[in-house]
Amino acid sequence: MPRAFITGITGQDGSYLTEFLLRQGYEVHGLVRQTSLMQRGRLDALGVSSEERMKRVFLHYGDLGEAGSLARLVHAIQPDEIYHLGGQSHVRVSFDAPEATFDINASGTLRLLECVREAGRPVRFYHASSCEMYGRPEIAPQDERTPFHPVSPYACSKAAGHFLTVCYRESYGLFACNGILFNHESPRRGENFVTRKIAHGAVAAKLHGAKLRLGNLDARKDWGYAPEYVEAMWKMLQRDLPGDYVVATGEAHSVRQFAEAAFARVGLDWREWVESDPVQFRPSEVGLLVGNASRAEKELGWTPATRFAELVRLMVDAELHAAGRP
Ligand code: NAP
Ligand code: GDP
């Protein structure tokens, strides 16, 4: 049975990747950290029986801030593949906590790469890079050759993790890949990301008459569906040779369009419910980030299936369902 070790297993992508790997017959080990509330809701519904889960999913305490715990776990688990998804993933928050963001995202990646280098056996490594690294690109769409111009502490930390992954691949011959994933969303997206916030807000407006406060409505994003994106991660590690891949839909839509479609889904006009929130504006905003995933299509056989309208619909419907109004 192939064995995977996932950092960030409690996050959006970690939970979908766990489900996917279980379906592929893997034993899955995940890194979890001490939190004051033991909320691991995303792992509660993995689509396997609890018996199966007990046999094939194992959670281990540790932290990306601590090299010793990572080394101990990699040594004990002896994984065939490591999916490094853990980190501080919120761009706006990275302006408030830049040092912690950089330490966990950049140095955390370095700590883990050192463990892979010292593993004493071949371990395939995936690093969660980000389209944010392009920042203010000179061309659109962006592909694997587009230069990076990061404009947030988050993006800088991801660029550092990205280049460290390339450096370890080239210096030590590691099978290490970067997935340059554009925004991907789902009902499991963190509640302070704009798509989830809008989907939740539309339902709260409908059911409770609550207003929604948002920042930059003109921001345009290349939004895909998270369960499809984790499959691309796995496909990268099944190739004969390691490489870096853009994963994206190639279409950009604005926050305004997302709000319009989400509120329309519950029969409301978004303009009557959305207010401006200056706190949500960022010290610097990225340019137009839209991805060209043709390399992933050609070499991985990966294409996105869920498009914008369907994504909005499924996220709003999930919020309605959660509110007891399917
Ligand atoms: P997420 O939902 O925010 O999950 C982040 C995960 O990292 C959580 O499991 C979190 O644990 C864990 N984590 C945070 N700090 C940690 C630490 N110090 N030690 C160990 N674990 C820690 O993020 P996501 O949306 O699944 O994204 C996965 C990865 O892809 C992230 O690295 C993100 O930056 C990157 N990415 C995401 C997107 C996107 O659109 N979603 C796009 C490009 C790149 P807790 O549950 O304990 O907080
Ligand atoms: P990001 O692309 O990784 O930063 O994902 P987010 O979902 O946090 O933000 C997507 C875009 O939505 C960014 O350009 C934000 O400036 C914009 N945005 C507008 N209003 C909000 C808001 O209320 N919350 C968040 N998180 N983003 C917002």
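Each ligand, and each atom within it, is numbered from 1 in the order the structure gives. All residue numbers refer to positions in the sequence shown, counting from 1. It should be emphasised that the depicted structure is a prediction, and the values quoted were computed from it without experimental measurement.
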Requested in this report: Determine, considering heavy atoms only, which of V255, D218, V93, I198 sits nearest to atom 12 (O) of ligand 2.
Outcome: V255

Requested in this report: State, yes or no, whether a side-chain contact exists between V247 and M236 at a heavy-atom distance under 4.5 Å.
Outcome: yes

Report summary line: min-distance protein heavy atom vs atom 24 (N) of ligand 2 -> Q280 OE1, 3.4 Å

Query raised in the report: If you count the atoms of ligand 2 from 1 in the order shown, which ones are under 4.0 Å from a heavy atom of N183?
Result: 1 (P), 2 (O), 3 (O), 5 (O)

Report task. Could you tell me the residue and atom name of the protein heavy atom closest to atom 28 (C) of ligand 1, and the distance to it rounded to 0.1 Å? Result -> L85 O, 3.4 Å

Query raised in the report: Would you call the rings of Y172 and Y168 parallel, tilted or perpendicular, where under 30° means parallel and over 60° means perpendicular?
Result: perpendicular

Query raised in the report: Parallel, tilted or perpendicular: which describes the rings of H29 and H60, with under 30° parallel and over 60° perpendicular?
Result: parallel

Query raised in the report: Of the listed options (S89, S15, S129), which comes nearest to atom 3 (O) of ligand 1 when hydrogens are ignored and any heavy atom counts?
Result: S89

Query - CE/M1: more than 12 non-hydrogen atoms of other groups inside 6.0 Å - result: yes

Report summary line: among protein heavy atoms, the one nearest atom 16 (O) of ligand 2 is E285 OE1, 2.7 Å

Requested in this report: Around atom 19 (N) of ligand 1, find the nearest protein heavy atom and jot down its residue, atom name and distance.
Outcome: L64 N, 3.1 Å

Report summary line: The protein heavy atom nearest to atom 40 (O) of ligand 1 is H184 N, 2.9 Å

**Report entry** E27/R56 under salt bridge (Lys or Arg N to Asp or Glu O under 4.0 Å): CA gap, chis, key distance, verdict
**Finding:** CA-CA 5 Å; E27 178 179 299; R56 291 207 284 142; over 6 Å; no

Query raised in the report: Just by distance, with hydrogens left out, do S69 and D63 show a side-chain donor and acceptor under 3.5 Å apart?
Result: no

Requested in this report: Could you tell me whether the side chains of E81 and Y26 share a donor-acceptor contact shorter than 3.5 Å?
Outcome: yes

Report task. Compute the shortest N/O to N/O distance between V194 and ligand 2 and return yes if it is under 3.5 Å, no if not. Result -> yes

Query raised in the report: If you measure only the distance, is there a donor-acceptor pair under 3.5 Å linking the side chains of Q24 and E19?
Result: no

Requested in this report: Check whether any heavy atom of Y154 sits under 4.0 Å from an atom of ligand 1.
Outcome: yes

Report task. Give a yes or no on whether a salt bridge exists between D80 and R121, defined as a side-chain N under 4.0 angstrom from a carboxylate O. Result -> yes

Query raised in the report: Taking the minimum heavy-atom distance to atom 32 (O) of ligand 1, which of E132, M233, R189, K158 ranks first?
Result: K158

**Report entry** Atom indices of ligand 2, in the order listed, that fall short of 4.0 Å to a heavy atom of F193
**Finding:** 5 (O), 6 (P), 7 (O), 8 (O), 26 (N)

Query raised in the report: Do ligand 2 and T195 have nitrogen or oxygen atoms that lie under 3.5 Å from each other?
Result: no

Report summary line: Ranked by distance from atom 30 (O) of ligand 1, the top protein heavy atom is A128 CB, 3.4 Å

Query raised in the report: Does the distance from a Lys or Arg side-chain N to an Asp or Glu carboxylate O, for R295 and D143, drop under 4.0 Å?
Result: no

Report task. Return yes when E132 approaches ligand 2 closer than 4.0 angstrom through a heavy atom, no otherwise. Result -> yes

Report summary line: atom 3 (O) of ligand 2 has as its nearest protein heavy atom V91 CG2, 3.7 Å

Query raised in the report: Would you say ligand 2 has an N or O under 3.5 Å from any N or O of N192?
Result: yes

Query raised in the report: With a 6.0 Å cut-off on ring centres, are Y83 and F5 close enough?
Result: no

Query raised in the report: Please state which protein non-hydrogen atom is closest to atom 18 (N) of ligand 1 and give its distance, to 0.1 Å?
Result: D63 OD1, 2.9 Å

Query raised in the report: Counting each atom of ligand 2 from 1 as listed, which ones have a heavy atom of A219 under 4.0 Å away?
Result: 14 (O)

Query raised in the report: Within the side chain of R213, is there an N or O that forms a donor-acceptor pair under 3.5 Å with the backbone of V274?
Result: no

Query raised in the report: Is R189 in polar range of ligand 2, meaning some N or O pair under 3.5 Å apart?
Result: no

**Report entry** Presence of salt bridge, D44 and R40, under 4.0 angstrom
**Finding:** no

Query - ligand 2 N/O within reach of W223 N/O, cut-off under 3.5 Å - result: no

Report task. Could you tell me whether E185 and R196 have a side-chain N and a carboxylate O separated by less than 4.0 Å? Result -> no

Requested in this report: Would you check if the side chain of D222 reaches a backbone N or O of G250 as a donor-acceptor pair within less than 3.5 Å?
Outcome: yes

Query raised in the report: Is there any N or O on N183 that sits under 3.5 Å from an N or O of ligand 1?
Result: no

**Report entry** Contact check: G87 vs ligand 1, nitrogen or oxygen atoms, below 3.5 angstrom
**Finding:** yes

Query raised in the report: Side chain or backbone of H90 under 4.0 Å from ligand 2, or both, or neither, by non-hydrogen atoms?
Result: side chain

Report task. Considering heavy atoms of the protein only, find what lies nearest to atom 11 (O) of ligand 1 and give residue, atom and distance to 0.1 Å. Result -> T10 OG1, 3.3 Å

Report task. May I ask you to identify the nearest protein heavy atom to atom 26 (O) of ligand 1, giving residue, atom name and distance to one decimal place in Å? Result -> D13 N, 2.8 Å

Requested in this report: State whether E114 and R117 are salt-bridged, where the test is any N-O pair (Lys NZ or Arg NE/NH1/NH2 against Asp/Glu carboxylate O) under 4.0 Å.
Outcome: yes

Report summary line: Only residue of H90, Q88, K158 satisfying side chain to side chain donor-acceptor pair (under 3.5 Å) with T101 is Q88

Report summary line: Filtering K221, R282, K197 for the heavy atom nearest atom 8 (O) of ligand 2 leaves R282

Query raised in the report: Just which atoms of ligand 1 are under 4.0 Å from any heavy atom in L181?
Result: 42 (C), 43 (C)

Query raised in the report: Which residue owns the protein heavy atom closest to atom 48 (O) of ligand 1, what's the atom, and how far is it?
Result: R33 NH2, 2.8 Å

Query raised in the report: Among the heavy atoms of R196, does any lie under 4.0 Å from an atom of ligand 2?
Result: no

**Report entry** Under-4.0 Å salt bridge between R188 and D13
**Finding:** no

Query - Test of proximity, L214 against ligand 2: N or O pairs below 3.5 Å - result: no

Query raised in the report: Quick one: nearest non-hydrogen protein atom to atom 20 (N) of ligand 2, plus distance?
Result: G215 N, 2.8 Å

Query raised in the report: Does an N or O anywhere in G11 fall below 3.5 Å from an N or O of ligand 1?
Result: yes

